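Below: the structure, in structure tokens.
Only this structure's heavy atoms are used, side chains among them; waters, hydrogens and symmetry mates stay out. Quantities reported herein were computed from a predicted structural model and do not represent experimental measurements.
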Amino acid sequence: MGKMKPAPEGVPASDLIDRAIAELGDWRGEILAKLRQLIHEADPDVVEEWKWGKPVWSHGGILCTGETYKAYVKTTFAKGASVPDPSGLFNSSLDGNVRRAIDFRRDEAFDEAAFKALVRAAVAVNLAGRS
């Protein structure tokens, strides 16, 4: 996804995300689709956006992005360093001051409930920062 072009004018972000998942046509698309589903389950008020050539999910600010690479799918939480992670899902970008990420690899199981809890915690961090 890193080489994708900016969103075409007037095309809804959700359509662009659908298209990106379909174009992958492999396990990465399946993982990205699953993560998208979990994000929506965790936060029914989430807003889908298309920024920097990739899916972005927001609520009171950016929650996370979805990126695909040859060997993994990455979700980067914009304020991950402030998001509690009692299950230890964050496994990437751990030395940054603000962001934290999760790399999802083919055939690796992950705790879906813990991921949804991270999304809800990221929403809480965003909303707390706005008050």
Side-chain angles (χ1 to χ4, degrees):
M1 276 188 193
K3 297 179 183 175
M4 298 187 99
K5 296 176 184 170
E9 196 69 31
V11 178
S14 58
D15 290 354
L16 294 170
I17 296 170
D18 288 342
R19 189 181 309 166
I21 289 169
E23 286 175 359
L24 286 165
D26 62 11
W27 63 270
R28 296 170 303 160
E30 291 170 12
I31 290 176
L32 187 58
K34 182 64 175 178
L35 294 171
R36 181 189 197 189
Q37 173 192 340
L38 293 171
I39 290 166
H40 280 274
E41 288 174 8
D43 180 16
D45 295 324
V46 72
V47 175
E48 291 190 321
E49 300 177 88
W50 188 262
K51 295 182 179 185
W52 314 292
K54 63 184 122 190
V56 175
W57 291 277
S58 299
H59 184 158
I62 293 174
L63 299 173
C64 62
T65 62
E67 305 159 57
T68 58
Y69 299 91
K70 186 175 182 178
Y72 55 93
V73 175
K74 177 186 288 288
T75 56
T76 301
F77 284 74
K79 296 180 182 173
S82 299
V83 174
D85 181 21
S87 298
L89 286 181
F90 288 130
N91 62 11
S92 182
S93 306
L94 299 176
D95 54 356
N97 292 331
V98 180
R99 294 180 192 88
R100 295 281 185 276
I102 306 167
D103 292 347
F104 297 90
R105 292 181 171 21
R106 183 180 198 162
D107 298 325
E108 278 185 355
F110 67 94
D111 186 335
E112 293 180 9
F115 181 78
K116 290 189 332 185
L118 276 180
V119 171
R120 286 190 292 271
V123 171
V125 166
N126 281 356
L127 296 179
R130 296 179 77 184
S131 43

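Note on Val73: it clusters hydrophobically with Leu94, by side-chain heavy-atom contacts below 4.5 Å among ILVMFWY residues. Hydrophobic clustering, with ILVMFWY side chains joined whenever heavy atoms are under 4.5 angstrom apart, keeps Leu127 apart from Val98. Under the 4.5 Å side-chain contact rule for hydrophobic residues, Trp57 and Val11 share a cluster.
Residue-environment remark: CZ (Arg120) exceeds the threshold of 12 foreign heavy atoms within 6.0 Å.
Distance check: Phe110 CZ to Leu35 CG gives 5.0 Å after rounding to the nearest 0.5 Å. Atom-to-atom distance recorded for Ile31:CD1 and Thr68:OG1 is 10.5 Å, nearest 0.5 angstrom. A distance of 9.5 Å separates CG of Leu118 from CG of Asp111, quoted to the nearest 0.5 Å. If you take CZ on Arg99 and SG on Cys64, they are separated by 13.0 Å, rounding to the nearest 0.5 Å.
Take Glu112 and apply the salt bridge (charged side-chain N to carboxylate O under 4.0 Å, His left out) test, not counting sequence neighbours, and it matches Lys34. Under the side-chain hydrogen bond (donor to acceptor under 3.5 Å, both in side chains) criterion, Ser58 pairs with Glu49, not counting sequence neighbours. Take Asn97 and apply the side-chain hydrogen bond (donor to acceptor under 3.5 Å, both in side chains) test, not counting sequence neighbours, and it matches no residue. Every side chain to side chain contact (heavy atoms under 4.5 Å, CB included) that Lys79 has, sequence neighbours left out, goes to Val125, Asn126. With sequence neighbours excluded, no residue satisfies salt bridge (charged side-chain N to carboxylate O under 4.0 Å, His left out) with Asp95.
At least one donor-acceptor pair under 3.5 Å links the side chain of Asp85 to the backbone N or O of Phe90.
The side-chain hydrogen bond (donor to acceptor under 3.5 Å, both in side chains) analysis of residues 35-46, with sequence neighbours excluded, yields the pairs Asp18-Arg36, Arg36-Glu48, Gln37-Glu41, His40-Glu48, Glu41-Lys116, Asp43-His59.
Gly29 approaches Ile21 most closely through the heavy-atom pair O-CG2, 3.5 Å.
With a 4.5 Å cut-off on side-chain heavy atoms, Trp50 and Asp15 do not count as touching.
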